[in-house]
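See below for the structure under consideration.
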There are 2 protein chains.
Amino acid sequence: MLSEESIVQQLSISGYRITRPRRAVIRALLEDEGYSSPARVRERARRYCASVGLVTVYRTLDLLSQMGFARRIHTENDCHGYAAANHGHHHHLVCRQCGATVEFKGCDLSRFLVRVSEETGYVIENHLLELEGLCSSCQ
Amino acid sequence: MLSEESIVQQLSISGYRITRPRRAVIRALLEDEGYSSPARVRERARRYCASVGLVTVYRTLDLLSQMGFARRIHTENDCHGYAAANHGHHHHLVCRQCGATVEFKGCDLSRFLVRVSEETGYVIENHLLELEGLCSSCQ
DNA sequence: TTGTGTGCAAAATCTTTGCACTTCG
DNA sequence: CGAAGTGCAAAGATTTTGCACACAA
């Protein structure tokens with residue numbers, strides 16, 4: 001499971017330094033139920049590191065994305081939000097009205113992926129699937 | 001099938017005026033094999049209406065999207081490109097090594113989507129699916 | 001101590017808005 | 001002719017860069 005400590009540990013192992021601003025961004029992401037723009041991540045992060053700048057948030061989100069701990073969330077008209085990503089397999093379902101984000105697992109694409117693989121000659125290693133719709137309260 | 005004339009006709013029926021700049025943007029989109037940023041759409045459109053401005057391209061892309069004749073294309077780090085909706089429902093398969101991109105159609109997620117919908121209470125309206133792997137020459 | 005990481009300010013992009021002029025219908 | 005549409009310039013928003021200073025390791 002994803003926790004501040006496990007992320008910090010991985011960063012450290014990979015040679016990155018553990019700083020107050022980085023911890024603040026990580027915490028902000030983890031406590032976020034939905035997904036947030038960099039600016040919004042910063043607002044949250046400020047609770048843990050009042051001086052954190054937007055630039056650092058951008059850089060940290062980049063880093064976390066590369067490490068697989070955060071993911072850019074794509075919705076129909078916006079791809080500027082980020083959410084914490086469990087390293088394992090999961091997807092996001094986003095409400096287009098209020099932005100509420102739910103993670104779910106257990107997508108079964110295997111047969112479909114086999115077909116695409118056969119048709120294209122690619123070895124498929126990864127897939128990104130995002131769903132968008134209306135949550136129950138926005139319907 | 002999508003053609004300049006059929007789009008123009010629909011716009012007209014819906015009460016929009018048929019102008020040179022709009023035709024130019026439509027033609028630019030239709031002849032585009034892939035997808036393009038607004039700036040790039042404008043470059044192409046200039047062949048048909050040299051004076052067309054970026055602002056008009058933005059507004060026209062908006063209009064066409066609303067009408068369902070254009071679609072915003074999402075890739076991992078960019079969701080600012082547009083393509084004619086002509087190309088229908090499709091997804092991208094990208095090689096992580098060399099970046100070669102293939103489009104494919106015919107994903108069948110319906111049963112899966114029903115399940116997620118039941119579990120979450122969301123009405124699912126849209127999905128974004130991207131595959132990543134190794135193309136045949138990179139394997 | 002040392003070099004990675006940070007914040008600030010400024011630059012570079014990208015997108016939207018206000019407004020007077022054009023032009024379709 | 002009248003209102004919708006256009007281009008320009010300017011404003012807004014978002015993201016990146018350069019640089020001197022701070023601070024993990």
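By convention in this document, chain letters (A, B, ...) are assigned in the order of the sequence lines, proteins followed by strands, and residues within each chain are numbered from 1. Worth knowing before you read on, the calculation uses all heavy atoms, side chains too, and leaves out hydrogens, waters and symmetry mates.
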Interatomic distance where OH belongs to Y58(B) and P belongs to dT13(C) [whole Å]: 13 Å
Touch class at under 4.0 angstrom, heavy-atom based, for S51(B) against every strand present: sugar-phosphate
Value in whole Å for how far the P atom of dT14(D) lies from CG of L61(A): 15 Å
Between dT15(C) (P) and R42(B) (CZ): distance, integer Å: 14 Å
Flag, side chain of R42(B) to backbone of V52(B), donor-acceptor distance under 3.5 Å: yes
C79(B)/C79(A) sulfur atoms closer than 2.5 Å: yes
Where protein sits on nucleotides 17-25 of chain C, one letter per nucleotide: B base, S sugar-phosphate only, - none, heavy atoms under 4.0 Å: B------BS
Y82(A)-R72(A) side chain donor-acceptor pair, cut-off 3.5 Å: yes
Residue met sooner reading DNA chain C from 5', once A39(B) and C49(A) are mapped to nucleotides: C49(A)
Given dC8(C), dG7(D), dT14(D), the nucleotide with the shortest approach to the side chain of P21(B): dG7(D)
Distance test, side-chain N/O of H80(A) to OP1/OP2 of dT15(D), below 4.0 Å: yes
Of the listed nucleotides dT6(C), dG5(D), dC14(C), the one nearest the side chain of R22(B): dG5(D)
Spacing of L54(A) atom CG relative to dT17(D) atom P, expressed in whole Å: 15 Å
Length of the CZ-C1' vector between R23(A) and dA25(D), whole Å: 14 Å
Atom-to-atom span, CG of L11(A) to C1' of dA25(D) - whole angstrom: 15 Å
Gap between atoms CG and P, on L64(A) and dG5(C) respectively (whole Å): 12 Å
Verdict with supporting geometry, Y48(B) and E31(B), side chain to side chain contact (heavy atoms under 4.5 Å, CB included): CA-CA 12 Å; Y48(B) 309 113; E31(B) 77 183 18; 2.5 Å; yes
Any donor-acceptor pair under 3.5 Å from S65(A) side chain to L61(A) backbone: yes
Heavy-atom donor-acceptor pair, T120(A) side chain to V116(A) backbone, under 3.5 Å: yes
Q139(B) side chain to G121(A) backbone, donor-acceptor under 3.5 Å: yes
